[in-house]
Amino acid sequence: MKQLSIFIFLSLLIAIEAYPMNKDPILMNKLPGSSASLSVQSEKVYETAEELYDYIDGGAELYLNYGFRKLARRIYRFEEENEIKAEIFEMNAPKNAYGVFSYSKDTANTEIGQGAQYLGGSLIFWQGRYFVSIFTREETNKSKEEVLRMGREISEAIGTRGELPAVFNVMPERSLVKGSTFFFHHHAWQNKFRYISNDNIFNIDEHVNALLNQYGNPQKRYYLLLVEYPDRKQVRKAYKKSRKKFSKTLRRKRVGQDEDGLWMGCDTKDRLLMFVIDAPSKEEATYLLDQTGENYTQIK
Amino acid sequence: MTTKKLTRREALKNMALGAAGSLFLGSLPWKAFGNKSAERSKVVLIRDKNLLDGSGNINKGVLQDMLDTAVPTLTGDSDAGSAWEKIIKPDDVVGIKSNHWSRLRTPVALEQLIKERVMGAGVGDDNIGIADKGILNNSIFTNSTALINSRPMRTHDWAGVGSLIKNYILFHPRPSDYHPDTCADLAEVWKKPMVKGKTRLNILVMITPLFHGVGPHHFNEKYTWKYNGLIVGFDPVAVDATGLRIIQARRREFFGEERPISPSPHHIELADTRHNLGNADPANIELVKMGWKEGILI
């Protein structure tokens, strides 16, 4: 009997070593299992910053900054030689899942989840508080089809959709580049579309909602930066600092012209700081400030 | 392999630089240690359109020609053997700090070529190490007297670009200590005792650089291109700054509009202006361009 117990214990130990138990089967179960076309080769859940640093060599800070909670990853064999990797990141809020997506994408060209991009064998999308990436080692018509099918399956498994803060709806739609809104809360990313500053001139941190929006066409781009602060005191401090640091032109004026003849503007409304950069005319800069302010008043 | 023919003036200048170098430590130009000098930093960019075959594999013979042309041009010598003898002494213990990021690593062929040239300078096999991770527990690196730094340039989610300066982050036991302000002060690592004054040569791999990243692993082949180049120099900041200009030019070309690298790779400029590690300003960089010129972007 004793020998049998030892045998069972050792067998269990070997089984656990060969196929470690998932720390979070709920998250892992949102990824497809093996099927006729796919066979799961390995899987793992990552829950700590250290694990993420080891796994995403060089890119973990991005996810940590956007409120990373955990990641489930499966690698599949597809057909004879190909491989597909699926990863689902659970973030602490839908806005942060959107944030990672808006950082990672170039375009939103696919209808999966709440926004998706397929590009060269790589599908990324966000839904609820989840950011999902599916990548095939070799892109073929079949592997592309499979990646998209897996994406739809994961989207169904997630089920619920996430709601973004109201400030995501205040930017005027006229001339807005659809899908260009980039959400962030670290000043390192304020230069994503156009160099603004290497310094934290808007006092951006994890407590603010910062949205950078593109307007116009590729030849004449202009930008609307919105930063929503927790209270009015902080918006006043940021308003004072950013006007002074961004350009002499805005120290005394709401709207002004730079040396290239482009227009900039700055204003606040309640807890919102608004900055217009590179607008083609005074009227457009003024319109963006006025309309954004009005929209913000209406959502309050 | 197309090589640049030296003019008499350049040959004399190179000889003078070589002679000046020989006055220090027997043969080594002092800027080899990665300290900023008042002089301009010499950087050699070499390219060859035949470096990659139709399947994208490296032609080792072409790579060897490139390295053996670029290094003597840097030192002002007429041949690779003499150049490497200036860079490495026979009693050196040499750590070749590579980069093994799985999607775009320092090519094994280049690692081996560097090792062969170090051995050619008289260093025994057992005094040469090639590593990326684990260098703090690698006896060659912990006992090294000389380092050679080589990695591919690529965009990076937090530092802006993976650079030669950044390649030394693993000389610190907690790399994340250098993450604040998107790795602004990476050049600090170069002041650590295990590193300071040991770097003899920097080789930035620009064979298929990554100029943009998508997805969690920041890689898609679509955002690499066959540049077929190496950038070689004693000053890591000058080499990185040169590579960065090429990456930025490629982004302009590809996207058809100004698309800043985000986050800003300001650690390169700050390595110059805040840490005095080398020269980042193109005005302070003497760029020697050799080989294939089409699509050079700089």
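Computed from a predicted structure; not experimentally measured. Each chain gets a letter, A, B and so on, in the order its sequence line appears, and its residues count up from 1.
Residue contact with chain B, scored on non-hydrogen atoms closer than 4.5 Å, is absent for A/Asn200. Only the side chain of A/Lys85 comes within contact range of chain B, with at least one heavy atom under 4.5 Å from a heavy atom of that chain. Neither the backbone nor the side chain of B/Arg174 comes within less than 4.5 Å of any heavy atom in chain A. Neither the backbone nor the side chain of A/Phe101 comes within less than 4.5 Å of any heavy atom of chain B.
Taking chain A as the reference chain and counting heavy-atom pairs below 4.5 Å, the highest number among B/His156, B/His217, B/Lys166 is found for B/His217. In terms of heavy-atom pairs under 4.5 angstrom with chain B, the leader among A/Lys105, A/Gln190, A/Arg221 is A/Arg221. Among A/Ile56, A/Leu71, A/Ile124, the residue making the largest number of heavy-atom pairs under 4.5 Å with chain B is A/Ile56. Each of B/Gly215, B/Pro260, B/Gly213 has some count of heavy-atom pairs under 4.5 Å with chain A, and the biggest count is that of B/Pro260. For the options A/Leu123, A/Leu62, A/Asp106, heavy-atom pairs under 4.5 Å to chain B are most numerous at A/Asp106. Per-residue heavy-atom pair counts under 4.5 Å with chain B were compared for A/Gln117, A/Gln219, A/His186, and the maximum is reached by A/His186.
Checked for salt-bridge contact, B/Glu258 and A/Arg194 miss the test: no charged N lies under 4.0 Å from a carboxylate O.
B/His267 and B/Glu188 share no donor-acceptor pair across their side chains, judged by distance under 3.5 Å alone. Side-chain contact of B/Asn167 with B/Lys97: a donor-acceptor pair under 3.5 Å is present, judged by distance alone. Counted by atom type alone, A/Asn198 and A/His187 present zero donor-acceptor pairs between their side chains at under 3.5 Å.
Taking the six-membered ring for Trp and the full ring otherwise, B/Phe219 and A/Phe135 have centroids separated by 6.0 Å or more. Taking the ring centroids of B/His179 and A/Tyr53, they lie under the 6.0 Å cut-off.
Only one option out of A/Phe89, A/Tyr66, A/Tyr98, A/Phe183 pairs with A/Trp126 in a ring pair (Phe, Tyr, Trp, His ring centres under 6.0 Å); it is A/Tyr98.
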